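In this chain, numbering begins with 1 at the start of the sequence shown. Note that the coordinates shown come from a computational prediction; the quantities given were computed from them, not determined experimentally. Each ligand, and each atom within it, is numbered from 1 in the order the structure gives.
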Amino acid sequence: MEIRKGIAVSPGIAIAKPMLIDSKDYRIPRRSILPSNRAREIQRLRKAFSTAISELEEIGSSQDIKKNNIQDIFAVHMRFLRDRSFRKRITDFISKELVTAEYAVSAILREIASHFAGIDDPYISERAADIYDIEKRLLIFLLGKRQEEVDHLREEVVILAGDLTPTQTAGFNKSFVKGFATEKGGRTSHTAIVARSLGIPAVVALGDMSSEVPPECVVIVDGYRGVVVIDPDEDTLSQYNQYSRQMTQFTSKLDELREFPADTRDGVHIQLMGNIEFPDEAQIVVEKGGEGIGLYRTEFLYLYGGQEPTEEDHYEAYAEAIRAVQGKPVVIRTMDLGADKLPHSGWHAHESNPVLGLRSIRYCLQSLPLFKVQLRAILRASVLGDVRVMFPLITNLQELRQAKMILRDVMEDLDEYAVPYNSELPIGIMIETPSSALTAGLLANESSFFSIGTNDLIQYTLAVDRANEHVSTLFSGAEPAVLRLLRSVIQDVHKAGIGLSVCGEMASDPEFIMLLLGMGVRVLSLAPPMIPEVKKIIRSVTIEECNQLSRKVATMDSHRQIKNYLRDATTRILPETF
Ligand code: PEP
Ligand code: MG
């Protein structure tokens, strides 16, 4: 039995057999196999070799390659792949060490590459790069097959991986993928956000999990406490089975709150809305008692399916979500692509610092045809219900004005063809950079509403990557700098009299609910599965208690002190969560 501690990013307990998926750009951990699976792994290896050889034959015969005289490079690759002793070395390794084909490929090829790299002859040392290329080529096939296995699961599993992209996570079949655990990642990474929205228990940032995961073992993913147990003993397994039953009872009890309003004990109504990534989640928002959709992350239309969505794809997706909430508001955020949300590799030029690069509204403003397709669809859908449009990552007035100008252009196009839309469509922005927070007063004059995206706001204020496990303890909404910015935005919004919500993960975190209410927030948009728990907190407190708590927090000078204080206050209300 091995117990690992990471960051809990999506609540719930999953107990199932592990399924291991790795990424070709990442170290391949050692994975053991049963002796009975030896032949199967060797067969997978053979297939990988023959696929790589056919691919190279095809590439080598292409005219471009011939013209440019780069056949030699491929000839070197081919020689290696056809070398029987080279292949035998890998099959022997699988047989003797009882490891997966991908691990054997990676281990042997890296050994050869580092041997070459150390030789004092430039011709030979440069061959190391060829070996890494061959490794990649073989791994693409082997890992691709693993991904296909994940796509066609027939039994329940928990996924163990170095890292997962938001797109991979969104593609999991919930009936079979019961949970996942990754070595990398952070609480507000988009992978974590998708897991929460789908209700898949998950733990990230576990560090090196390369220690062997025995074949045929069971793994527990405890998404409440951020713990993963590999190959648990009987006592641990039965304790977890019991804990899981208790938590299921607790959650279904919370679900009974669905019919009750999110009113504080002194009668102040708090509007609870849902964050969604896919249109079918709108139904979950309704089931959990949400009062609309406060954040529709539309970029997932680009991340899923591998093709650029057409105007009709956009329209259908929005129409589905709008119909599901039956007249309640739907805030459609224009696409927030870039940073960790990339449709495919080679999507746009490589950036050394993508979080500060061409992402989100900046990308849209430089890709007008793509942006206009989405805006047309949003406008067309605006007649189907209470639709609002929201621009992400606005940093200054000029960007907001530009985005609005393009929206007006699209409106004029629709006018020309007499296509109906709501000309009074509310236009809001996300406050997720210190720059927009500090100029909130100016931006409020030209916006119908704000939604505070605390995930990015924390990342940019504290200069802490939201998805990097090495700095995850520094990523905290309880930092006095973050709270000052929040207070100042809330004050500016109240002065301007426009709408305000918080849609970052802070609004899903039980510990921050009283503080947000005390700071004056009355609309929260959160992961749908968290709505009942947050409602329970709201229904247990008075606004006066929240105001007092907020005043007290304002006197504190460290995030640790604030966090402990908030945790104590929340534990008194909802001990089951902690
Ligand atoms: C945020 O940054 O807080 C936010 C809600 O947007 P996203 O998480 O999609 O970046
Ligand atoms: Mg954001």
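Using a 4.0 Å cut-off between a side-chain N of Lys or Arg and a carboxylate O of Asp or Glu, Glu277 and Arg297 qualify as a salt bridge. Checked for salt-bridge contact, Glu505 and Arg187 miss the test: no charged N lies under 4.0 Å from a carboxylate O.
For Met506, the closest heavy-atom approach to ligand 1 does not fall below 4.0 Å. Contact between Arg466 and ligand 1 is present, with at least one heavy atom of the residue lying under 4.0 Å from the ligand. Residue contacts with ligand 1: Glu505 is excluded, as none of its non-hydrogen atoms falls under 4.0 Å.
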Quiz: residues 457-468 side-chain donor-acceptor pairs under 3.5 angstrom, not counting sequence neighbours:
| unit_1 | atom_1 | unit_2 | atom_2 | d |
| --- | --- | --- | --- | --- |
| Gln459 | OE1 | Arg466 | N | 2.9 |
| Gln459 | NE2 | Asp456 | OD1 | 2.9 |
| Tyr460 | OH | Val355 | O | 2.7 |
| Tyr460 | OH | Arg359 | NH1 | 2.9 |
| Thr461 | OG1 | Leu457 | O | 2.5 |
| Asp465 | OD1 | Ala467 | N | 2.8 |
| Arg466 | NE | Thr188 | O | 2.8 |
| Arg466 | NH1 | Asp456 | OD1 | 3.0 |
| Arg466 | NH1 | Asp456 | OD2 | 3.0 |
| Arg466 | NH2 | Thr188 | O | 2.8 |
| Arg466 | NH2 | His190 | NE2 | 3.2 |
| Asn468 | OD1 | His470 | N | 2.7 |

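Close approach to Gly504 involves these atoms of ligand 1, each under 4.0 Å from a residue heavy atom: 3 (O), 5 (C). In the vicinity of Met430, heavy-atom distances shorter than 4.0 Å reach the ligand 1 atoms 4 (C), 5 (C), 6 (O). For ligand 1 and Leu295, the ligand atoms under 4.0 Å from any heavy atom of the residue are 5 (C). Heavy-atom contacts of Cys503 reach the following atoms of ligand 1: 5 (C) (cutoff under 4.0 Å). Set against the non-hydrogen atoms of Glu432, the atoms of ligand 1 under 4.0 Å away are 1 (C), 2 (O), 4 (C), 6 (O). Near Asp336, meaning under 4.0 Å from one of its heavy atoms, ligand 1 places the atoms 9 (O), 10 (O).
In terms of heavy atoms, Gly185 sits closest to Ile7 at O-CD1, 4.4 Å. The shortest heavy-atom contact between Val383 and Asn422 is CG1-N, 3.9 Å.
Using a 4.5 Å heavy-atom cutoff, the side chains of Arg333 and Tyr296 are not in contact. Looking at heavy atoms from C-beta onward, Ile429 lies out of side-chain contact with Met390 at the 4.5 angstrom threshold.
Considering both main-chain and side-chain atoms, Asn455 comes within under 3.5 Å of ligand 1 through a nitrogen or oxygen pair.
Under 2.8 Å from the Mg ion (ligand 2), one finds the following protein N/O/S atoms: Glu432 OE1, Asp456 OD2.
Annotation: His314 is in aromatic contact with Tyr302 [ring centroid separation under 6.0 Å].
The CZ atom of Phe512 sits 8.5 Å away from atom CD1 of Ile562, with the distance rounded to the nearest 0.5 Å. The distance from the CG atom of Asp509 to the CG atom of Leu566 is 9.0 Å, given to the nearest 0.5 Å.
Counting heavy atoms closer than 4.0 Å to ligand 1, residue Ile193 contributes side-chain atoms (C-beta onward) but none from N, CA, C or O.
Here the protein heavy atom with the shortest distance to atom 7 (P) of ligand 1 is His190 NE2, 3.2 Å. For atom 6 (O) of ligand 1, the nearest protein heavy atom (residue, atom name, distance) is Arg333 NH1, 3.0 Å. Counting only heavy atoms of the protein, atom 9 (O) of ligand 1 lies nearest to Arg297 NE, 2.7 Å.
The list of side chain to side chain donor-acceptor pair (under 3.5 Å) pairs with a residue in residues 366-378, not counting sequence neighbours, reads Thr298-Gln374, Glu311-Arg376, Tyr318-Gln374.
Evaluation of the salt bridge (Lys or Arg N to Asp or Glu O under 4.0 Å) rule for Lys288 yields Asp255 as partners, not counting sequence neighbours.
Using modelled atom types, one finds no donor on one side chain facing an acceptor on the other under 3.5 Å when comparing Glu511 with Thr570.
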